[in-house]
Amino acid sequence: MGTGDALVNNGETPMDLSFRDEDLAFQAEVREFIDKKLPQDVKERYDRGLHFSKEGQVQWQKALYYNGWIAPNWPVEYGGTGWSITQKFIFSQELGRASAPPPIPFGVSMVGPVIYTFGNQEQKDKFLPGILNSDDWWCQGYSEPGSGSDLASLQTKAVRDGDDYVVNGQKIWTSHAQHADWIFCLVRTDSNVKHQEGISFLLIDMKTPGITLKPIIGLDKEHTLNEVFFDDVRVPVANRIGEENKGWTYAKFLLGNERTSIARVAQSKRHVERLREIAKQERVNGGLLEDDRDFMRKLNLIEVDLMALEYTELRMLSMIEAGKKLSAEPSLLKIKGTEIQQRLTELLVESLGMYGAPYEALKKYEGRNEAPVGPDYAHGPMAEHLYLRAASIYGGSNEIQRNIISKMVLGL
Amino acid sequence: MDFELSEEQSLLKDSIDRFVLDHYSSEARIKLSETDLGFSRDHWKTMAELGWLGMPFSEEVGGFGGSPVETMIMMESMGKGLVLEPFFSTVILSGALVAEAGSPAQIEAIIPEVIEGNLMLAFGYAEAQSRFNLSDVETTATKSGDSYKINGHKAVVYHGGTADKIIVSARTSGNSRDEDGISLFIINNDAAGVDIQSYRTVDGQQAADIRLDNAEGELLGKEGKAFPIIEKVTDNAIGALCAEAVGAMAAANEITNEYLKTRKQFGVAIGKFQVLQHRMVDMYMEAEQSKSMSDMVAMKLALGYEVDTKKAVSATKAQIGKAAKFVGQQSVQLHGGMGMTDEYSIGHYFKRLSTIEMLFGNTDYHLNRYSNLS
Ligand SMILES: Cc1cc2nc3c(=O)[nH]c(=O)nc-3n(C[C@H](O)[C@H](O)[C@H](O)COP(=O)(O)OP(=O)(O)OC[C@H]3O[C@@H](n4cnc5c(N)ncnc54)[C@H](O)[C@@H]3O)c2cc1C
């Protein structure tokens with residue numbers, strides 16, 4: 001289970017948590033960059049826990065790109081930074097501290113690594129630049145109405161016809177498909193074998209004739225989810241990643257990355273800080289919420305769990321750095337990370353007292369002439385609390401993650 | 001000791017269950033909650049015709065003299081459909097304040113109109129600084145001739161935007177958080193100096209922030225002596241709200257249980273997975289424990305109002321707050337992506353159940369109150 005493995009600092013001083021001078025200099029550089037480049041609207045939305053606007057997000061991602069910082073986890077040859085784990089840690093800490101969102105994951109964290117790991121040269125040349133510079137936005141076409149947890153049972157079919165595949169079927173819960181230029185899709189290319197063995201991984205241009213979108217409005221009254229329908233959609237065979245019928249391997253590789261990125265430790269740390277800020281302002285019984293022992297105990301408990309998660313994540317990064325192979329560790333990060341996010345946003349709503357109840361969709365708020373009701377910090381927590389109920393569902397539900405750990409790690 | 005319903009009580013329950021079945025399909029409720037009004041005046045009329053709006057009021061004023069047990073039965077059935085009409089705000093909360101505190105003339109002027117369905121009420125008790133403390137009142141009232149001038153800001157007044165008359169608590173003497181010196185006033189929604197900012201709430205209902213700037217108010221009850229009445233009426237209202245949660249939990253569990261039997265993954269109904277079976281069992285047990293507390297507190301409230309009753313109310317609210325969150329959140333979880341859509345019913349149960357946990361004091365608040373009363 002890896003509990004005996006040390007946190008190694010660049011292999012030089014084992015079991016060392018300290019920052020060196022160059023790390024501190026790097027930290028200052030990151031701070032200054034964020035200070036200069038992070039658009040105010042992007043910062044504010046992320047800090048409040050509201051969904052991004054594409055325009056702002058692109059502006060921010062491009063700033064990261066021009067600085068060479070859009071994809072720290074990629075190999076240097078493809079545009080990565082070559083940072084040590086200390087630097088990666090500092091970078092994500094600083095993003096979280098400043099309420100700077102990480103890049104939307106579908107391109108940089110999900111399909112990008114699949115393309116440079118399993119794609120051919122032509123595909124790398126064609127797709128990686130657009131991912132890095134944010135000109136191409138991606139969405140994830142995995143889930144289907146009948147295939148969620150049991151993803152391998154997916155039914156969307158791709159039939160070979162000359163140099164094309166003809167794709168028919170339906171995806172669902174496709175986040176931000178309305179903003180996407182491309183969708184990476186799992187499709188069935190063989191129905192006569194075990195589920196996992198007949199799946200291929202296709203990159204599909206969203207503008208291809210035969211693709212239609214239908215929005216799904218979420219609990220939070222916002223539109224992030226979609227159904228995507230494919231009706232005789234022609235996709236060049238050249239857009240298939242790797243081998244036909246080997247898509248499941250690439251899909252699982254991607255899921256491992258997705259799960260790790262869902263943990264979002266730095267953002268949760270910022271939420272803890274926000275809760276402390278609110279507790280200094282919310283009044284209760286003539287005092288402040290920060291004097292309320294029950295409330296602060298809950299917050300402290302979460303913070304301790306978050307600290308444990310942070311060091312678990314670092315320990316795992318260190319294992320990767322040391323060339324060790326992970327098994328189900330991403331599942332642990334996913335479960336603990338999302339449970340903490342849910343507890344934090346629930347506590348944020350609780351911190352507002354009665355002002356936890358008012359709620360309107362963002363577009364409604366923005367259409368108002370008057371200020372939203374309640375204190376300024378009341379705008380956001382409920383939206384995020386509602387949306388994050390999905391955190392224990394998406395990226396493979398937490399029940400499924402527990403199944404994975406019990407099988408892969410515990411051998412049960 | 002008898003937890004069984006009488007024949008009359010069963011009929012009452014059946015008639016509300018029928019109303020919910022006829023008018024509160026999930027689609028109908030979503031549509032209704034998105035209208036400007038947020039509920040249906042036609043339904044309100046129906047409720048008046050069926051005598052529901054008069055249930056808790058005495059027979060002398062045209063009511064049916066129902067006890068908290070009848071209220072529990074009604075609220076539980078309404079909770080199953082997440083009914084949107086302001087029965088709770090108008091009848092259970094504000095109507096009861098008038099009936100408890102009002103002069104014979106005030107009762108005569110207001111209650112029959114409520115029963116007929118002609119008059120809607122709301123109660124503004126919370127303020128920005130008060131959180132759940134009912135005696136933390138900074139809104140002030142000063143006598144001016146026959147009436148009072150009221151100044152202050154009442155926060156998150158459920159149905160405050162649709163009520164014809166708003167009852168508010170205001171301080172006529174004492175310092176903030178003194179129980180003594182709090183009075184109740186009736187304010188007309190269109191009176192000068194009344195600024196009502198309406199908005200939607202997460203549970204599909206509506207509330208308002210009400211700013212009072214020298215607004216004219218009519219004293220309800222004795223000056224400075226309203227706190228015990230407010231406490232008693234809100235404790236009864238908490239009992240009613242808990243019953244609503246019990247109904248909502250029963251419905252959420254039923255929907256989720258059915259989903260576990262029909263949704264298939266890995267070639268079997270997901271209800272075959274033991275971890276989901278146990279989760280569902282825990283949800284069922286929380287709902288049963290909550291139902292027991294809700295029945296108990298209704299019967300206690302029917303017996304009178306002692307310290308022991310207050311303790312029972314807080315114990316019930318604490319149990320039901322905990323259960324409501326668990327059942328609401330897990331219902332969404334067990335539905336997977338389906339649970340996250342606004343179009344499907346389960347998320348609406350989750351949202352209302354979460355709100356009920358907070359209203360009139362969250363779980364921690366009531367655990368503390370319970371402990372302070374012990
Ligand atoms: C907000 C949001 C965004 C999403 N974004 C995307 C996206 O961009 N692209 C994409 O492809 N998908 C996306 N998804 C889909 C997501 O991956 C699926 O919802 C998820 O895999 C669960 O599938 P399901 O919804 O079909 O639920 P189901 O698989 O039907 O699960 C229902 C319940 O059963 C449980 N369950 C199922 N099988 C087992 C088992 N074997 N053991 C124990 N419990 C089990 C689940 O944990 C869950 O509680 C998103 C979902 C949400 C909610």
Side-chain angles (χ1 to χ4, degrees), chain A residues 143 145-153 172-173 216-222 225 282-286 289 292 294-295 297-298 342 346 349-350 352-361 364-365 368 370-375 382-383 385-387 389-390 392-394 397-400 402-403, chain B residues 126-133 136 155-158 175-177 197-203 205-209 263-267 270 273 275-276 279 325 328-329 332-344 346-348 350-351 354-355 357-359 362-365 367-368:
Chain A
S143 309
S147 308
S149 298
D150 182 13
L151 182 59
S153 70
I172 194 171
W173 318 122
I216 299 173
I217 302 303
L219 271 190
D220 56 359
K221 305 261 179 206
E222 301 291 346
L225 297 170
E282 271 293 313
R283 288 163 292 174
V284 51
N285 280 329
L289 189 56
D292 182 321
D294 293 326
F295 184 85
R297 188 185 154 79
K298 277 191 263 193
Q342 292 179 336
E346 195 175 330
V349 170
E350 184 181 324
L352 306 176
M354 289 289 282
Y355 282 114
Y359 185 72
E360 290 180 353
K364 281 257 175 68
Y365 262 121
R368 276 171 180 281
E370 343 151 36
V373 72
M382 179 56 87
H385 165 61
L386 294 176
Y387 181 73
R389 290 318 306 172
S392 47
I393 296 169
Y394 57 52
S397 76
N398 286 11
E399 285 80 13
I400 294 296
R402 285 187 163 87
N403 288 348
Chain B
E127 300 181 0
Q129 83 292 343
S130 73
R131 219 167 180 83
F132 308 121
N133 184 347
D136 193 337
V156 198
V157 182
Y158 263 68
N175 297 315
S176 41
R177 296 187 308 287
Q197 181 194 2
S198 284
Y199 44 80
R200 288 170 203 277
T201 50
V202 67
D203 49 8
Q205 307 204 15
Q206 299 202 11
D209 269 36
R263 170 68 174 169
K264 285 204 170 82
Q265 287 291 275
F266 303 98
I270 56 175
F273 300 122
V275 65
L276 302 193
R279 191 86 47 84
K325 283 213 153 178
Q329 293 176 356
V332 170
Q333 180 68 21
L334 297 195
H335 277 82
M338 282 304 285
M340 286 302 297
T341 70
D342 204 48
E343 214 176 315
Y344 188 73
I346 201 69
H348 298 270
F350 155 63
K351 291 193 269 190
S354 308
T355 313
E357 191 270 343
M358 178 276 291
L359 286 172
N362 60 18
T363 305
D364 277 353
Y365 176 87
L367 275 175
N368 275 321

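First the proteins, then the strands, lettered A, B, ... as listed; each starts at 1. All values reported here derive from a predicted model rather than from experimental measurement. The analysis underlying the following values was restricted to heavy atoms, covering all of them including side chains, and did not include hydrogens, waters or symmetry mates.
- Both the backbone and the side chain of A/Leu386 come within less than 4.5 Å of a heavy atom of chain B.
- Interface remark: B/Phe273 contributes no atoms to any contact with chain A (heavy atom separation under 4.5 Å).
- Of the atoms belonging to A/Ile216, it is side-chain heavy atoms, and not backbone ones, that fall under 4.5 Å from chain B.
- Contact annotation: the side chain of A/Trp173 approaches that of B/Thr341 to within less than 4.5 Å [non-hydrogen atoms, C-beta and beyond].
- The contact between B/Tyr158 and chain A is made entirely by side chain atoms (from C-beta outward), counting heavy-atom distances below 4.5 Å.
- At least one side-chain heavy atom of B/Arg131 sits less than 4.5 Å from a side-chain heavy atom of A/Leu289.
- Side-chain atoms of B/Lys351 do not come within 3.5 Å of backbone N or O of A/Asp220 as any donor-acceptor pair.
- Using a 4.5 Å cut-off between heavy atoms, B/Ser176 does not touch chain A at all.
- Contact of A/Met382 with chain B is made through the side chain alone, with heavy-atom distances under 4.5 Å.
- Looking at B/Leu276, only its side chain comes within 4.5 Å of chain A, counting heavy atoms on both sides.
- Partner of A/Tyr359 under the side-chain contact (heavy atoms from CB on, under 4.5 Å) criterion, out of B/Val202, B/Thr355, B/Thr201: B/Val202 alone.
- Counting heavy-atom pairs under 4.5 Å between each of A/Ser147, A/Ser153, A/Ser392 and chain B puts A/Ser392 at the top.
- Using a 4.5 Å cut-off between heavy atoms, B/Met340 contacts chain A through both its backbone and its side chain.
- Within the 4.5 Å cutoff, the side chain of B/Glu357 has no heavy atoms near those of the A/Glu350 side chain.
- Proximity of B/Asn368 to A/Asp294: side-chain heavy atoms (C-beta onward) are separated by under 4.5 Å at one or more points.
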- Stepwise, does the side-chain hydrogen bond (donor to acceptor under 3.5 Å, both in side chains) test hold for A/Gln342 with B/Gln329? CA-CA 10 Å; A/Gln342 292 179 336; B/Gln329 293 176 356; over 6 Å; no
- Would you please test A/Asp292 and B/Tyr365 for side-chain hydrogen bond (donor to acceptor under 3.5 Å, both in side chains) and show each step? CA-CA 10 Å; A/Asp292 182 321; B/Tyr365 176 87; over 6 Å; no
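- The contact between B/Ala155 and chain A is made by backbone and side chain atoms together, counting heavy-atom distances below 4.5 Å.
- In this structure, A/Asp150 contributes its side chain and B/Phe266 its backbone to a donor-acceptor pair below 3.5 Å.
- Residues B/Tyr199 and A/Glu360 have side chains in contact (heavy-atom distance under 4.5 Å, counting atoms from C-beta outward).
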